[in-house]
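Before any comments, here is the structure.
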Amino acid sequence: MPNENAALPSPILITGAGGFVGRNLVATLRALGCGDLLLFEKDDTLETLADYCRRAAFVVHLAGINRPQDPGEFYRGNAGLTETMLQLLAEHGNRAPVAVTSSIQAVLDNDYGKSKRMAEDAIFAHGKATGAPVYVFRMEGVFGKWCRPNYNSVVATFCHNIARGLPIEVRDPAYELPLVYIDDVVQCLLDVMRHGSARMDGEGFCRIHPVHRVTLGRLAETLQGFARARGGDAAKAQGAGGLPTLAVPNLAADSFEKKLYSTYLSYLPEDSFAYDLNMHCDARGSFTEFLRTPERGQVSVNISRPGIVKGNHWHHTKNEKFLVVRGEGVIRFRRIDSDQVIEYRVSGDKLQVVDIPCGYTHNIENVGDGDLVTVMWANEAFDPDRPDTFALPV
């Protein structure tokens, strides 16, 4: 297994450092302690690029043109800049490894695809002529934080609009998109920097992994579900009420939903990071559901006033965990076919989880002078159509 702590080359030249992939790569490299970065952007001079090409120990070529006003800019910004950079490396006798991000659209017969293919050919020719290691990544559509909406990413556009309650256009719900996540892109680039290793296809191109495939319809539905989970105006725009559903998606490791959820939250307006919860209040205190998951139950916060007893019920299958985070309380249990009462003293001064098994009627009493605050987890979310709570005093 490759050593994730292997040293990175220094200095590293990154063209297009201010773009979507560049910003994420630079942030990661700096977080890893890489201070010697040669960052080249579109307003920098060729003299600057020449100096960087002389000094670089590794080159990551990200700069390119996606949506020019003149199709000729495709060739100048994609093929032309690549050829200029490679010529400067050769003039300085610099055989540093070169990694370049291309696109699966390089196989298409349009100006963008042709310009990308010309850049690829130039990179391969440079490697053959100089002996420098070259890595050409043909990438699917990339999504993640900091991608520009209404530009060249439907994910970024959908996230931006849905988070603001703006309409989106789904022309063909069945159209399937191949997507790669920005953190996976950065990791694959780190792998070639550290180890010279990449996942190759049969044509000599490096590939980002994993690739996630999703239809436009499912993409829109999933993001709209994220909006409904938080409630507010964004949820109302999806035809839902203002109250949040509190749903958290399946967050299995490396899942598309996990990556998309993180991406969506990064597009929230800065005045919309917070959202209100529906507090069920009465003279005894309050009960507020915090979140729901499809396979991990729900989390709630219970507040009890001094002297208040809550509970006195039991479950067939549902089990819970109680965690008192403030105040003093007593949790009592009695198996429903027994007279024996079991007590647990709980306090916010000593965090301790108390499991609530099924088949035991139970309650919690506030025996302190202030509010008793308890975080409660249940292994299944409340469903009024399938009740599993039965009143019975302890």
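All figures in this text were calculated on a predicted structure; none of them were measured in a lab.
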Drop me the distance from R23's CZ to C147's SG, to the nearest 0.5 angstrom.
10.0 Å
Please state whether the rings of H315 and H362 are parallel, tilted or perpendicular, taking 30° and 60° as the class boundaries.
tilted
Would a single hydrophobic cluster contain both M279 and L243, if residues Ile, Leu, Val, Met, Phe, Trp and Tyr are joined by side-chain heavy-atom contacts under 4.5 Å?
no
Kindly indicate, with the supporting measurements, whether the criterion side chain to side chain contact (heavy atoms under 4.5 Å, CB included) is fulfilled by I12 and D36.
CA-CA 7 Å; I12 302 171; D36 197 359; over 6 Å; no
Would you kindly say whether N302 and S300 are connected by a side-chain donor-acceptor distance under 3.5 Å?
no
Is there a path from V301 to L277 through hydrophobic residues (I, L, V, M, F, W, Y) whose side chains come within less than 4.5 Å of each other?
yes
Taking the side chain as every heavy atom from C-beta outward, state whether L81 and H61 have any pair of such atoms under 4.5 Å apart.
yes
Kindly say whether R305 contributes a backbone atom to a donor-acceptor pair with the side chain of N366 at under 3.5 angstrom?
yes
If only side-chain N and O atoms count, and only distance matters, is there a donor-acceptor pair under 3.5 Å linking T45 with T48?
yes
How are the rings of Y264 and F226 set to each other: parallel, tilted or perpendicular (split at 30° and 60°)?
tilted
Using the rule that two of Ile, Leu, Val, Met, Phe, Trp, Tyr join whenever any of their side-chain heavy atoms come within less than 4.5 Å, decide whether L351 and F290 are in one cluster.
yes
Return yes if a side-chain donor-acceptor contact under 3.5 Å exists between Q187 and D191, otherwise no.
yes
Verdict with reasoning, D44 to L49, per side chain to side chain contact (heavy atoms under 4.5 Å, CB included)
CA-CA 8 Å; D44 289 328; L49 181 59; over 6 Å; no
Has the side chain of T222 got a donor or acceptor atom that lies under 3.5 Å from a matching backbone atom of R218?
yes
Main-chain N/O of T157 paired with N150 side-chain donor or acceptor, under 3.5 Å:
no
How about S153 and V142: do any of their side-chain heavy atoms sit closer than 4.5 Å?
no
Can you hop from M193 to L37 via hydrophobic side chains spaced under 4.5 Å?
yes
Between Q87 and E83: side-chain donor-acceptor atoms closer than 3.5 Å:
no
L323 side chain near Q352 side chain, heavy-atom distance below 4.5 Å:
no
Using a 4.5 Å cut-off on heavy atoms from C-beta on, say whether the side chain of F137 contacts that of V192.
yes
Less than 3.5 Å apart, any donor N or O on the side chain of E328 or S347 sitting next to an acceptor on the other?
yes
Would a single hydrophobic cluster contain both F287 and I356, if residues Ile, Leu, Val, Met, Phe, Trp and Tyr are joined by side-chain heavy-atom contacts under 4.5 Å?
yes
Where the side chain of S262 meets the backbone of K258, is there a donor-acceptor pair that is under 3.5 Å apart?
yes
For Y275, does the OH atom sit with more than 12 other heavy atoms under 6.0 Å from it, leaving out its own atoms?
yes
Working to the nearest 0.5 angstrom, can you tell me the gap between L86 CG and I123 CD1?
4.5 Å
Is there side-chain contact between L251 and R296, with heavy atoms separated by less than 4.5 Å?
no
How many angstroms lie between atom CG of L219 and atom CD of E176, to the nearest 0.5 angstrom?
12.0 Å
Verify, without hydrogens or angle tests, whether N24 (side chain) and I182 (backbone) share a donor-acceptor contact under 3.5 angstrom.
no
Using modelled atom types only, decide if a donor and an acceptor are shared between the side chain of T374 and the backbone of V324 within a distance under 3.5 Å.
no
State, to 0.1 Å, how close E221 and R228 come at their nearest heavy-atom pair, and which atoms those are.
O-NH2, 4.2 Å
Return the OG1 to CZ distance between T361 and R335, rounded to the nearest 0.5 Å.
13.5 Å
Step through the shown structure and confirm whether more than 12 heavy atoms of other residues, nucleotides or ligands are within 6.0 Å of CG on D339.
no
Just wondering, do T215 and P173 contact through their side chains at under 4.5 Å, heavy atoms?
no
Picking from F158, Y181, F20, what satisfies ring-ring contact (aromatic ring centres under 6.0 Å, His included) with F143?
Y181
List the atom of I336, the atom of L392, and the distance in Å for their closest heavy-atom pair.
CG2-CD2, 3.7 Å
With a 4.0 Å cut-off, would you call E169 and R171 a salt bridge?
yes
Hey, could you give me the CG/CZ distance between L38 and F58, rounded to the nearest 0.5 Å?
13.0 Å
Under 3.5 Å: donor-acceptor pair, side chain of N312, backbone of V394:
yes
Angle between ring planes, F205 versus F124, binned at 30° and 60°: parallel, tilted or perpendicular?
perpendicular
Closest heavy-atom pair, T288 versus N278, reported as atoms and distance to 0.1 Å, is CG2-O, 3.8 Å
Counting heavy atoms not belonging to Q340, are there more than 12 under 6.0 Å from its CD?
no
Are any side-chain N or O atoms of R55 and backbone N or O atoms of D51, one a donor and one an acceptor, separated by less than 3.5 Å?
no
For D369, is the CG atom crowded, meaning more than 12 foreign heavy atoms sit under 6.0 Å from it?
no
Between D201 and R138, does any NZ, NE, NH1 or NH2 come within less than 4.0 Å of an OD or OE carboxylate oxygen?
no
Give, for atom CG of L260 and atom CG of L265, the distance between the pair rounded to the nearest 0.5 Å.
9.5 Å
Measure across G327 and L372 and return the closest heavy-atom pair with its distance rounded to 0.1 Å.
C-CD1, 3.8 Å
Parallel, tilted or perpendicular: which describes the rings of W314 and F390, with under 30° parallel and over 60° perpendicular?
tilted
Look only at the side chain of R117 and the backbone of D121, and say whether a donor-acceptor pair between them is shorter than 3.5 Å.
no
Would you call the rings of H212 and F256 parallel, tilted or perpendicular, where under 30° means parallel and over 60° means perpendicular?
tilted
Minimum heavy-atom separation for A57 to P97, with atom names?
O-CD, 3.4 Å
Is a side-chain donor or acceptor of R164 paired with a backbone partner of Y267 at a separation under 3.5 angstrom?
yes
For E320 and A378 the tightest heavy-atom approach is CG-CB, 4.0 Å
